[in-house]
Amino acid sequence: FNAISPGYIDVESTAKHITDTKLTLIKEKISLRKLGDAKSIGQAVEFIIQTDYLNGQVIKVDPGFF
């Protein structure tokens with residue numbers, strides 16, 4: 001089995017549970033200065049599905065939070 005470990009993703013639940021001020025501070029600590037998106041998570045899922053030689057891995061999908 002494989003898993004995806006997402007970083008901060010720009011989705012409704014993130015906006016609902018994290019204040020704008022906190023999101024600004026988070027973005028300042030991300031090397032790309034933006035949140036991830038659902039497309040990035042989908043691409044990781046697609047990679048896992050299409051790869052035969054991958055097992056027991058946790059794929060981090062984040063833009064480099066420091």
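Every value quoted in this text rests on a predicted model; they were computed, and no experiment measured them.
Remark: E46 pairs with Q50 by the side-chain contact (heavy atoms from CB on, under 4.5 Å) rule, at least two apart or across chains. Residues passing the side-chain contact (heavy atoms from CB on, under 4.5 Å) test with T19 are T21, K22, sequence neighbours excluded. With sequence neighbours left out, D10 forms a side-chain contact (heavy atoms from CB on, under 4.5 Å) with L35. Listed by chain and number, the residues in a side-chain contact (heavy atoms from CB on, under 4.5 Å) with I48 are N2, I4, L54, I59 (sequence neighbours excluded). In this structure, the salt bridge (Lys or Arg N to Asp or Glu O under 4.0 Å) partners of D62, at least two apart in sequence or on a different chain, are K60.
The line from CD1 of I18 to OG1 of T24 is 11.0 Å long, rounded to the nearest 0.5 Å. Q57 CD to N55 CG: the interatomic distance, rounded to the nearest 0.5 Å, is 7.5 Å.
Under the 4.5 Å side-chain heavy-atom criterion for ILVMFWY residues, a single connected hydrophobic cluster contains both V45 and V61. A single hydrophobic cluster is not seen to contain both I9 and I30; linkage of ILVMFWY side chains at heavy-atom distances under 4.5 Å, directly or through other members, places them apart.
A ring pair (Phe, Tyr, Trp, His ring centres under 6.0 Å) check over residues 10-57, counting only residues at least two apart or in different chains, returns nothing. Residue pairs meeting the side-chain hydrogen bond (donor to acceptor under 3.5 Å, both in side chains) criterion with at least one partner in residues 32-43, sequence neighbours excluded, are D37-S40.
Across every non-hydrogen atom of S31 and P63, the tightest pair is OG-O, 2.7 Å.
Side-chain N or O atoms of S5 include none that pairs as donor or acceptor with a backbone N or O of V58 at under 3.5 Å.
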